[in-house]
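Below is one structure, written out as structure tokens; comments come after it.
In what follows, chains carry the letters A, B, and so on, assigned in the order in which the sequence lines appear, proteins first and then strands, with residues in each chain numbered from 1.
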Amino acid sequence: MVSNEEENWTLIINKKSNKSILQILKSIFSYKDLLFLFVKRDFIAQYKQTLLGPLWFFIQPILTTITFTIIFGNLANISTDGIPQVLFYMTGITFWNYFADCINKTSNTFLLNQGLFGKVYFPRLIVPLSIVITNLLKFSLQFFLLLLFWIYYFTISQGFFIQNTILFFPLLVLAMALLGLGLGIIISSLTTKYRDLSFLVTFGVQLLMYASPIVYPLSIVPIKYKWIVLLNPMTSIIETFKHGFIGVGVFEPFWLIYSFVVSVLLFFIGVKIFNKVEKSFIDTV
Amino acid sequence: MKIENVAKQYRLGMVGTGTISHDLKRWWYSIRGLEDPYIKLGSDNKHEEISGDYVWALKDINLEIKKGEVIGIIGKNGAGKSTLLKLLSQVTSPTSGTIKIKGRIASLLEVGTGFHPELTGRENVFLNGAILGMTKKEIDSKFNEIVSFSGIGKYIDTPVKRYSSGMMVRLGFAVAAHLEPEILVVDEVLAVGDADFQKKCLGKMKDVSNEGRTVIFVSHNMTSIRNLCSKGVLIKNGKIDFIGDVDKTISNYLKDDNLNEKDIKTSIDSSLSTYSTGDAKFKNAYISNDFKSQTPLNILHYQEPFFIHTNLLIAKKLSNVCVSYKIVNEYGEVITNSYSYNRKELLSFDVGSYTITFKSPLFLLPGKYALSFSIFHFYTGESIDLIEYFNPFRVLKESLNGDKEYPWETVKGYVEMDEDWIINKNK
């Protein structure tokens with residue numbers, strides 16, 4: 001036997017081989033073309049054979065904003081801190097939709113792709129990652145729409161202004177992506193064997209929206225209970241954005257850092273669990 | 001590539017509330033640094049006699065495959081072939097043991113994996129290629145080759161949901177055929193497509209192996225295994241039963257365990273039916289050298305007449321049915337196929353037991369053979385009972401009373417025709 005070649009194995013498959021985060025990222029990088037193609041596939045396939053096509057990206061937030069304006073703004077008379085209602089709701093919805101889509105669509109990665117995963121190996125994390133990126137494209141289109149509304153309201157009412165916390169914007173989006181992805185892949189890993197959690201996800205995300213300052217400003221929450229709402233990492237992400245973008249909202253550095261830390265932590269935990277599950281989920285799914 | 005002590009355990013039955021207690025116990029053991037409490041449990045992969053909740057789909061698999069070897073893996077359904085392929089292609093990980101691989105490995109357990117129906121053929125070529133591990137640049141450079149290999153041509157910009165299933169398979173295989181890994185793992189993907197395309201695929205596979213790349217190939221088609229592979233691995237009940245020359249492996253696979261000259265198995269267990277509706281069942285089958293003889297044989301002499309007898313138990317009144325007897329060679333290929341309809345009217349049976357005897361007008365050449373037989377509805381073609389590869393038997397080179405012998409060293413062909421030679425000198 002050629003003993004000096006013994007160590008040069010390209011690939012070793014056994015039960016214990018646990019990859020480090022760095023190795024995982026490296027393997028994803030070598031499949032970056034696949035990542036790009038998945039994003040393209042999801043984006044193109046989403047609105048194939050529809051008349052309005054990508055216009056649906058805009059119709060969704062507009063219809064939701066109208067509904068919120070009627071129900072929460074006019075019927076329930078919830079304050080919007082002096083901001084035009086349409087703008088206030090649309091800001092929240094645009095942000096929340098991105099987060100919710102990330103969780104909802106990544107949380108069934110294993111279940112939806114078992115046919116594919118059962119036949120060929122590639123780093124499984126590519127799939128949820130591609131979902132997050134696809135949603136990012138959708139988010140940027142919707143953000144563009146939001147910007148148009150912002151300009152319109154700015155020219156007619158001038159009741160609000162930009163503050164320099166807007167510089168946090170890229171970080172806020174990143175934190176949101178990590179949070180959505182992290183939670184999504186944790187849930188998808190846990191549901192491979194026991195499906196119970198998947199029942200919780202859809203309406204859980206919906207309920208979580210009411211625990212985040214989307215339809216109401218954080219300022220109307222009684223001080224006593226404020227910390228409970230702030231425990232939700234999405235709260236300060238949204239509030240900081242509102243603070244920068246429309247000049248209302250609460251900017252609290254401590255809670256913002258808390259949100260960042262939680263997001264990054266959940267992401268790493270998610271990647272670890274996901275990576276453990278991906279090796280043999282096909283036997284139990 | 002080296003496979004060391006690989007084993008794979010599966011839990012039987014459904015995932016339910018019972019599983020969580022096992023999971024918790026396993027977790028509790030792993031926290032204390034102990035071995036998995038269930039790892040010692042589990043039966044071998046013998047389908048009839050599994051007891052308990054766990055089964056070893058594969059156990060003690062040790063195999064070394066050298067660069068450039070073309071290995072055929074054969075075994076019965078459920079023997080563990082696919083599990084082994086799944087482990088090799090990293091779809092799932094082994095319960096214990098290690099697989100070490102040198103070089104880029106690509107596996108092809110299915111053609112057209114990940115095709116998206118809404119995307120065009122062109123987009124899917126890129127997607128599928130990337131899923132199989134090619135980079136965009138590689139696909140770009142081979143794109144024209146892929147399209148011309150698939151023969152899809154002008155349909156390439158149509159969404160694949162408009163394709164026929166045959167076109168889909170061709171496109172899928174075309175992409176896969178242009179992979180250039182050092183090690184290629186292939187499951188029975190060749191069993192699809194029309195005859196022409198299958199030939200093309202086999203040719204391509206041969207090219208791949210001639211280029212000195214390693215190929216691991218699983219198939220039930222012994223002909224393609226024999227054409228492609230140089231070495232065979234026989235898996236039986238989750239264990240490696242035989243490794244060696246491909247012809248030897250195949251005949252080992254087809255050889256029945258009970259081929260023992262003294263003890264011939266003639267009764268047919270109902271589990272042997274490949275397909276059965278239950279309306280009729282072959283109860284036993286044997287070969288003899290005399291019409292009336294009840295003595296089963298598994299060795300015939302050269303030019304010895306032979307008879308095939310079966311006992312058929314009819315559970316339901318049947319009409320317009322037909323019985324067929326086939327003789328297959330040691331690789332499972334059908335060499336003769338005789339239908340009762342060729343010589344008689346369609347058959348009708350009342351409930352009861354029947355004996356069906358077949359007299360062969362011809363002789364078989366020396367070699368190893370087995371029987372396949374079936375009863376089926378003539379008009380629909382639906383099988384009522386179908387037994388494949390039963391009662392293997394051998395034809396010797398010596399004749400029965402020793403006065404004659406098959407004169408040639410190697411036997412070519414299977415059947416000696418009832419022939420005459422007429423030789424005249426031309427004027």
Side-chain angles (χ1 to χ4, degrees), chain A residues 1-2 5-18 27 30-50 113-124 126-127 130 191-196 275-285, chain B residues 1-4 6 8-11 15-17 19-20 23 36 57 64 86-110 113-114 116-120 123-124 126-139 159 182-183 187:
Chain A
M1 271 309 305
V2 205
E5 272 186 60
E6 286 286 316
E7 303 301 315
N8 296 335
W9 302 105
T10 334
L11 178 69
I12 292 180
I13 306 169
N14 61 21
K15 196 187 177 195
K16 291 189 189 72
S17 61
N18 250 331
S27 67
S30 66
Y31 274 86
K32 58 183 184 312
D33 287 335
L34 180 61
L35 179 62
F36 168 73
L37 283 164
F38 271 143
V39 170
K40 198 174 146 195
R41 174 195 73 176
D42 292 342
F43 204 70
I44 294 178
Q46 212 161 17
Y47 291 104
K48 278 235 170 152
Q49 266 197 17
T50 59
N113 292 287
Q114 46 177 307
L116 180 57
F117 287 177
K119 291 297 177 195
V120 61
Y121 176 80
F122 53 87
R124 279 24 176 152
I126 297 270
V127 172
S130 76
T191 46
T192 56
K193 204 160 191 181
Y194 304 105
R195 303 278 163 85
D196 306 55
N275 219 50
K276 200 175 154 64
V277 168
E278 74 164 26
K279 281 192 295 183
S280 59
F281 89 97
I282 206 78
D283 305 334
T284 51
V285 74
Chain B
M1 169 190 250
K2 224 176 182 179
I3 301 173
E4 292 167 346
V6 163
K8 177 78 187 171
Q9 191 185 46
Y10 279 111
R11 190 173 201 284
V15 173
T17 42
T19 6
I20 201 160
D23 281 354
D36 185 340
E64 195 171 334
K86 276 186 180 170
L87 294 181
L88 286 177
S89 44
Q90 296 181 73
V91 164
T92 179
S93 65
T95 313
S96 64
T98 313
I99 300 173
K100 294 172 179 168
I101 294 166
K102 214 176 279 180
R104 193 164 90 151
I105 183 165
S107 58
L108 199 56
L109 305 190
E110 182 188 70
T113 312
H116 194 289
E118 296 287 349
L119 300 183
T120 65
E123 289 162 331
N124 270 312
F126 280 93
L127 186 63
N128 187 232
I131 287 176
L132 293 171
M134 286 196 258
T135 62
K136 197 159 169 293
K137 231 165 81 189
E138 279 178 282
I139 306 170
E182 280 110 17
I183 303 166
D187 203 354

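Checked against side-chain contact (heavy atoms from CB on, under 4.5 Å), A:L35 has the following partners two or more places apart in sequence or in another chain: A:I126, A:L129, A:S130, A:I133. Residues passing the side-chain hydrogen bond (donor to acceptor under 3.5 Å, both in side chains) test with A:Y31: none are found, sequence neighbours excluded.
Contact of A:I44 with chain B is made through the side chain alone, with heavy-atom distances under 4.5 Å. Only the side chain of A:F122 comes within contact range of chain B, judged by heavy atoms closer than 4.5 Å.
Listed for the A:R124 side chain is a donor-acceptor partner under 3.5 Å among the backbone atoms of A:F117.
For the set B:K137, B:M134, B:E118, the entry with the most heavy-atom pairs within less than 4.5 Å of chain A is B:E118.
To the nearest 0.5 Å, atoms NZ (A:K119) and NZ (B:K86) are separated by 6.5 Å.
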